[in-house]
Number of protein chains: 2
Amino acid sequence: MYSIGELSRRTEVKVPTIRYYEDIGLMPPAERSSGNQRRYDRAGLERLSFIRHARDLGFSIEAISSLIVLEETPDRSCLDATRIAERHLAEIRDKIRRLTALEAELQRITGACEGDSAAQDCDILAALADHDLCADAH
Amino acid sequence: MYSIGELSRRTEVKVPTIRYYEDIGLMPPAERSSGNQRRYDRAGLERLSFIRHARDLGFSIEAISSLIVLEETPDRSCLDATRIAERHLAEIRDKIRRLTALEAELQRITGACEGDSAAQDCDILAALADHDLCADAH
DNA sequence: CTTGAACCTCTAGTTGCTAGAGAGATTACC
DNA sequence: GGTAATCTCTCTAGCAACTAGAGGTTCAAG
């Protein structure tokens, strides 16, 4: 049995975060020692590792909840998991697309400024003040 | 003079958001009508447009505050604005880099699954459960 | 002068945690 | 077995950047 600190070390999830996951029902209520401290077994470790990994991959808590349900009802098809992952992938691609557009715009703006003019002539501030100067709509 | 609703329409910033900006000091306290409703002039419109545009470009409220200070002290050099914008650009590039790595990993995971196997064999769930299956560290 | 839309303030909720206070439990060492 | 150091407990409050709703007031059109 692991203490919460030990679990934290093994999964690299911070202690208060583990308690938070229990609060919101992502982790099941932990067993307790005689002194009311949380104790975890291998199942707890694996569940938290799963959560950690999914968070690393950017899944929302809500999506992870769904994935856990799927994991625990092994007679269900894997289609739902695929759908969740693919929706997430689509979101990530959308984010990348938007960030890339921002990058281009920002580069254009910062590139325009020499960096030594007085602020009333600063092209960055001018570009921010006037949307019409933008290359494309955002 | 514009009402808050009119300002909202012109800048495409929602009414409660405008009030929120005033609360946190990003917008100066608005003048009021005899009946205590907010009234804005051209300066208010321009300031909110500036904020809106900077938010669109992903600047944080804090960064925008700094930019506004720069805008209002025209004797200061534009170097600070450049620095803020460049730091932000670096952050965006970092985000893109991390998201792109995630995209590759997620694509690998979702691509592995046929989508018709039973959940206990689902490669997505297996990949999420076992970090060792990952192509690279994240 | 009335009606209905727009406005007011205030509180609380969102996501995914993090920080801190003050008290109790456990463990290591002598 | 004692005691000191380190965990751990619960609880509340805070972060960013808003959004939603309640309950009440003001404005503008007809």
Side-chain angles (χ1 to χ4, degrees), chain A residues 1-27 29-40 44 47-48 50-68 84 87-88 91-92 95 98 102, chain B residues 1-27 29-40 44 47-48 50-68 84 87-88 91-92 95 98-99 102 138:
Chain A
M1 301 290 267
Y2 317 115
S3 68
I4 197 169
E6 181 113 10
L7 191 68
S8 170
R9 249 167 278 124
R10 283 170 191 261
T11 56
E12 294 179 344
V13 175
K14 287 179 189 155
V15 169
T17 304
I18 299 174
R19 289 197 275 250
Y20 167 71
Y21 287 162
E22 185 178 316
D23 278 355
I24 62 172
L26 199 56
M27 285 288 285
E31 286 180 48
R32 300 295 181 123
S33 72
S34 57
N36 198 35
Q37 299 195 351
R38 289 174 180 80
R39 294 292 175 252
Y40 297 91
R47 174 113 162 211
L48 189 54
F50 180 95
I51 294 168
R52 169 75 213 263
H53 193 188
R55 288 293 300 140
D56 277 354
L57 289 168
F59 284 90
S60 69
I61 299 278
E62 207 194 334
I64 296 173
S65 292
S66 307
L67 289 171
I68 286 175
I84 289 171
R87 181 161 4 112
H88 181 47
E91 277 165 21
I92 287 176
K95 258 187 207 158
R98 278 182 288 122
L102 280 192
Chain B
M1 300 290 267
Y2 317 115
S3 68
I4 196 170
E6 181 111 10
L7 191 68
S8 169
R9 247 167 279 125
R10 283 171 191 261
T11 56
E12 293 178 348
V13 175
K14 287 179 190 155
V15 168
T17 304
I18 299 174
R19 288 197 276 250
Y20 167 72
Y21 287 162
E22 184 178 317
D23 279 356
I24 62 173
L26 197 57
M27 285 289 285
E31 287 180 47
R32 300 295 181 122
S33 72
S34 58
N36 198 35
Q37 298 194 354
R38 289 173 180 80
R39 293 293 175 249
Y40 297 90
R47 173 113 162 211
L48 188 54
F50 180 95
I51 294 169
R52 170 74 213 263
H53 193 188
R55 288 294 298 138
D56 276 354
L57 288 168
F59 284 90
S60 69
I61 298 278
E62 206 193 335
I64 296 172
S65 292
S66 308
L67 290 170
I68 287 175
I84 290 172
R87 180 159 7 111
H88 181 47
E91 277 165 21
I92 286 176
K95 256 187 208 160
R98 278 182 289 121
L99 281 175
L102 279 192
H138 44 234

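Just so it is clear, the model here is predicted, and its values are computed rather than measured. In what follows, chains carry the letters A, B, and so on, assigned in the order in which the sequence lines appear, proteins first and then strands, with residues in each chain numbered from 1.
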* B/Arg10/B/Glu6 salt bridge by N-O under 4.0 Å criterion ->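 Judged by the 4.0 Å cut-off on N to carboxylate O distance, B/Glu6 and B/Arg10 do form a salt bridge.
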* B/Glu12 and B/Arg52 ion-paired at < 4.0 Å ->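 Counted as a salt bridge, because a side-chain N and a carboxylate O are separated by less than 4.0 Å.
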d([atom1], [X]; [atom2], [N]) in whole Å:
{"X": "A/Ile61", "N": "C/dT14", "atom1": "CD1", "atom2": "P", "result": "14 Å"}
{"X": "A/Tyr20", "N": "D/dT10", "atom1": "OH", "atom2": "P", "result": "17 Å"}
{"X": "A/Glu31", "N": "D/dC9", "atom1": "CD", "atom2": "P", "result": "14 Å"}
{"X": "B/Leu26", "N": "D/dA16", "atom1": "CG", "atom2": "P", "result": "12 Å"}
{"X": "B/Glu22", "N": "C/dC7", "atom1": "CD", "atom2": "C1'", "result": "13 Å"}
{"X": "B/Glu6", "N": "D/dA28", "atom1": "CD", "atom2": "C1'", "result": "13 Å"}
{"X": "A/Ile51", "N": "C/dG16", "atom1": "CD1", "atom2": "P", "result": "12 Å"}
{"X": "B/Asp23", "N": "D/dA17", "atom1": "CG", "atom2": "C1'", "result": "12 Å"}

* With a 4.0 Å cut-off on heavy atoms, is A/Ile24 in touch with a base, just the backbone sugar-phosphate, or nothing at all? ->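 Since no nucleic acid heavy atom lies under 4.0 Å of A/Ile24, the category is nothing.
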* How would you label the contact of B/Arg9 with the nucleic acid (heavy atoms, under 4.0 Å): base, sugar-phosphate, or nothing? ->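 Nothing, no heavy atom under 4.0 Å.
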* Kindly say whether B/Ile4 contributes a backbone atom to a donor-acceptor pair with the side chain of B/Ser8 at under 3.5 angstrom? =>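 Such a contact is absent between B/Ser8 side chain and B/Ile4 backbone.
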* On DNA chain D, check which nucleotide each of B/Ser34 and B/Arg55 is closest to and give me the residue with the more 5' one. =>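 That would be B/Arg55.
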Establish, with yes or no, whether the OP1 or OP2 oxygen of [N] is under 4.0 angstrom from a side-chain nitrogen or oxygen of [X].
{"X": "B/Lys14", "N": "D/dT19", "result": "yes"}
{"X": "A/Ser33", "N": "C/dA25", "result": "no"}
{"X": "B/Ser3", "N": "C/dC7", "result": "yes"}
{"X": "B/Arg38", "N": "C/dT9", "result": "yes"}

Between [options], which one does the side chain of [X] approach most closely?
{"X": "B/Gln37", "options": "C/dG16, D/dA17, D/dT26", "result": "D/dT26"}
{"X": "A/Arg19", "options": "D/dT8, D/dC18, D/dT19", "result": "D/dT8"}
{"X": "A/Asn36", "options": "C/dT9, D/dT10, D/dC18", "result": "D/dT10"}

* For A/Tyr21 and for B/Arg39, find the nucleotide of DNA chain C with the closest heavy atom, then tell me which residue's nucleotide is more 5'. =>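 Looking at the nearest nucleotide for each, B/Arg39 comes out on the 5' side.
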* Given side-chain contact (heavy atoms from CB on, under 4.5 Å), test B/Arg19 with B/Val15 step by step and report yes or no. => CA-CA 7 Å; B/Arg19 288 197 276 250; B/Val15 168; 3.5 Å; yes
* To do: List the atom of B/Tyr40, the atom of B/Glu22, and the distance in Å for their closest heavy-atom pair.
  =>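 For B/Tyr40 and B/Glu22, the tightest heavy-atom pair comes out as OH-OE1, 3.9 Å.
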